[in-house]
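Every chain is numbered from 1, with letters handed out A, B, ... down the list of sequences. Small disclaimer: the values here were computed from a predicted structure and weren't measured. Note that these values count all heavy atoms, side chains included, but never hydrogens, waters or copies made by symmetry.
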2 protein chains.
Amino acid sequence: MAVTIREVARRAQVSVATVSRSLSSPGLVRQETRERVLAAAAELGYQPNRAARGLITGRTGNLGIVVPDLENPFFTGVLKAVQAQARHADYAVFVADSDEDPVAEVKLLQTMAKQVDGVVLCAPGLTDQQVHEAAEGTPLVLLNRSLPGIPAALMNSADGMRQIVDHLVALGHRRCAYLNGPHTSWSNQERLRGLRPAARRRGLDLVELGPFAPRYEGGLQAADLALAEDVTAIIAYNDIMALGVLARLRDRGVRVPEDVSVTGFDDLTFAALCSPALTTVAMPVAPAGRVAVDLLLDWLAADGGEAPHVTLDTQLIVRGTTAPPSSG
Amino acid sequence: MAVTIREVARRAQVSVATVSRSLSSPGLVRQETRERVLAAAAELGYQPNRAARGLITGRTGNLGIVVPDLENPFFTGVLKAVQAQARHADYAVFVADSDEDPVAEVKLLQTMAKQVDGVVLCAPGLTDQQVHEAAEGTPLVLLNRSLPGIPAALMNSADGMRQIVDHLVALGHRRCAYLNGPHTSWSNQERLRGLRPAARRRGLDLVELGPFAPRYEGGLQAADLALAEDVTAIIAYNDIMALGVLARLRDRGVRVPEDVSVTGFDDLTFAALCSPALTTVAMPVAPAGRVAVDLLLDWLAADGGEAPHVTLDTQLIVRGTTAPPSSG
DNA sequence: AGAAAAACCGTAAACGTTTTCGGGGCTGAG
DNA sequence: CTCAGCCCCGAAAACGTTTACGGTTTTTCT
């Protein structure tokens, strides 16, 4: 059925070993024969069987990525970049969606383990313990999560929060609300790690509410609570929640940004398209995806030494939902 | 390193053949020894090497999916379902993003061919000829594209358009604009295939504009042209364009739905969240993904006979952007 | 020219499975 | 008691590669 290395060898009048060498380690074969082999391979449309190759080399040529939700634009942004970068290095990528279920996550990791050389893991739900155990089975690189001994691609969301605070304070805000996402999530803790000191340093009065579900409905719920706190600005955990907040405020007749300012986090596509357009902070999802596979590949090659953690900058995007507070 | 079948055999005091049989074809081994083998396998945490298995069985246990853009929620919706359904059947899935580049698409298909048992293909950009050639190399199932001899999972977008027309006519609209997407795309042709006869049958005056880029910017551009045509309703090719239209109309002071009604297509998450919420038609992306892998698996098993095409229903979702035309 | 070194290439083993083939033990019938 | 038949199970071949090893040719040096 499929064309094998033996047929190429026969057509090029050489042994299978020579064919293999011609393709994977040039230097070892005479230029002239190599060309003959390449020609034969091309004519037959030969593609090496990666499974067979992997069997002997111990490397599969595959990467895996597991994400909590494939419909979340944040993760698909990462996925897109991972896929592109992997292809660039001649790796194929397996994708697995855990549906935010921690037990599915470990299961997926286990079954993936044998089929890939490494996996980039986006698993907010796993405990540190579980992640470490998983790292025993397969080379891992974490995305937006920091654990000693495991490489990670991080986004500096703490600094994103710092930028939001600076922005709001510069506009003249003195008291604002933060709508927490899930307490256990690393992302939310990072946000707080940037938010609290920045607020203190700038003398911004900070009211922490929640936690809320990081969804549209969470925003609807949170908006009323925030209004009751008499703040002039609302910092949402992410864009989706911010959209919920905007919707609820509009329903209640509160004008944005005149009466209250609102910020999001993530810079989803729709943050730019809604009206007024949402002030938010852009996450370097594509760079993070690229860095993740670079880290993984380096980690596979030079297996020894420290596990590198690289942090990527976030960027505040000022749009229409923030303005100076009304002087009333 | 990894635990192999040989170690399980040694621990269970049997031959490797017996281990293999115990796992993949029970019936052939005595109940008692089978249990011993299963116990040994469990203790060692044995997972069969799928590459080795695939080498001999000729089946990889992998599925592939290629999409034009992983950041398009439509395709990630499909992907999510495909991934879930594949896992359910104990298949892993490779994903490839062609970035809307037809030549990348054929290249990806070729390299995927050897590694998977079949692929679900979302490739609006390929010619029929190219798709047929690709089908020679790998079992294929098409998504939202119909070609004789190749199984397909289709969404009845023609009927979605029919539903839109019925809805608008019932509201009292007599003249409306359709904003074309890319002329060559199968989706746009399907939309027209539903739209034109429905409009004719209902006596709706139809102004066709475009083609436009199926993006936000395309909507901005199209809105002005539509307004100049003196219509009371605008039917956009998809939700993204519709959002562009809404934004442009608002900028120009045209009220929706009082002055003009607008409809989208796809029912993206954000269609429900913008304000006013968008009237649109929901595509059965998840069912389509599931059906696609079912078709693929059936096609692999019973290789012979007709290539089934299954068509899934679409559903009009009436929200806030459609209303009776102002009597003026 | 002769020998040592280098360059090139073929043979065969190995990777972890599945599966065919055949052998041994047991059962039951003649 | 013998033999056919059946049930289990082990030995070994096969899948398509890569690579260690060794052999043959070519080059290089004296």
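In this structure, B:Ile5 atom CD1 and D:dG10 atom C1' are separated by 13 Å, rounded to whole Å. When rounded to the nearest whole Å, the span between CD of A:Glu32 and C1' of D:dT26 equals 13 Å. Rounded to whole Å, the distance from CZ on A:Arg59 to P on D:dT19 is 11 Å. The interatomic distance linking A:Gln31 (CD) with D:dT26 (P) rounds to 18 Å, in whole Å.
Taking only side-chain nitrogens and oxygens, B:Arg30 never comes nearer than 4.0 Å to OP1 or OP2 of D:dC8.
With hydrogens and angles left out, the side-chain atoms of A:Arg59 and A:Tyr91 include a donor and acceptor closer than 3.5 Å. Side-chain contact of B:Asn156 with B:Thr311: a donor-acceptor pair under 3.5 Å is absent, judged by distance alone.
A donor-acceptor pair under 3.5 Å is absent between the side-chain atoms of A:Asp117 and the main chain of A:Leu63, judged by distance alone. Side-chain N or O atoms of A:Arg36 include one that pairs as donor or acceptor with a backbone N or O of A:Ala12 at under 3.5 Å. Proximity of a side-chain donor or acceptor of A:Glu43 to a complementary backbone N or O of A:Ala40 within less than 3.5 Å is not detected.
Residues A:Asp69 and B:Lys80 are paired through a salt bridge, judged by an N-O separation under 4.0 Å between the basic side chain and the carboxylate. Ion pair B:Arg87/A:Asp97 not flagged as a salt bridge, since none of the NZ, NE, NH1 or NH2 atoms sits closer than 4.0 Å to an Asp/Glu carboxylate oxygen. A salt bridge is defined here as a Lys NZ or Arg NE, NH1 or NH2 lying under 4.0 Å from an Asp or Glu carboxylate O, and A:Lys107 with A:Asp101 fails to meet this definition.
Each end of the helix from C:dA1-D:dT30 to C:dG30-D:dC1 gets its own axis from five base pairs, and the two axes differ in direction by 50°, given to 10 degrees.
Each of A:Ile56 and B:Ala17 lies near DNA chain D, and the nucleotide nearest B:Ala17 is the one positioned closer to the 5' end. When each of B:Gln13 and B:Ala52 is assigned the nucleotide of DNA chain D bearing its nearest heavy atom, the one mapping closer to the 5' terminus is B:Gln13.
Considering only side-chain atoms of A:Arg6, the nucleotide from D:dG10, D:dT17, D:dT18 that sits closest is D:dT17. Proximity note for B:Ser15 (side chain, C-beta onward) versus D:dC21, D:dT18, D:dG10: the nearest is D:dG10.
Counting non-hydrogen atoms under 4.0 angstrom, B:Thr57 reaches the backbone sugars and phosphates but no base. Residue B:Ser25 is out of contact with every strand shown, counting any heavy-atom pair closer than 4.0 Å. Across all strands, B:Ser20 comes closer than 4.0 Å to base atoms (heavy-atom distances). At a threshold of 4.0 angstrom between heavy atoms, the contacts of A:Arg21 include nucleobase atoms, whether or not backbone atoms are also involved.
Atom-to-atom distance recorded for A:Asp266:CG and A:Met155:CE is 8.5 Å, nearest 0.5 angstrom.
From the 5' end on, the contacts that DNA chain C makes with chain A at under 4.0 Å to a non-hydrogen atom open and close at C:dC8 to C:dG16.
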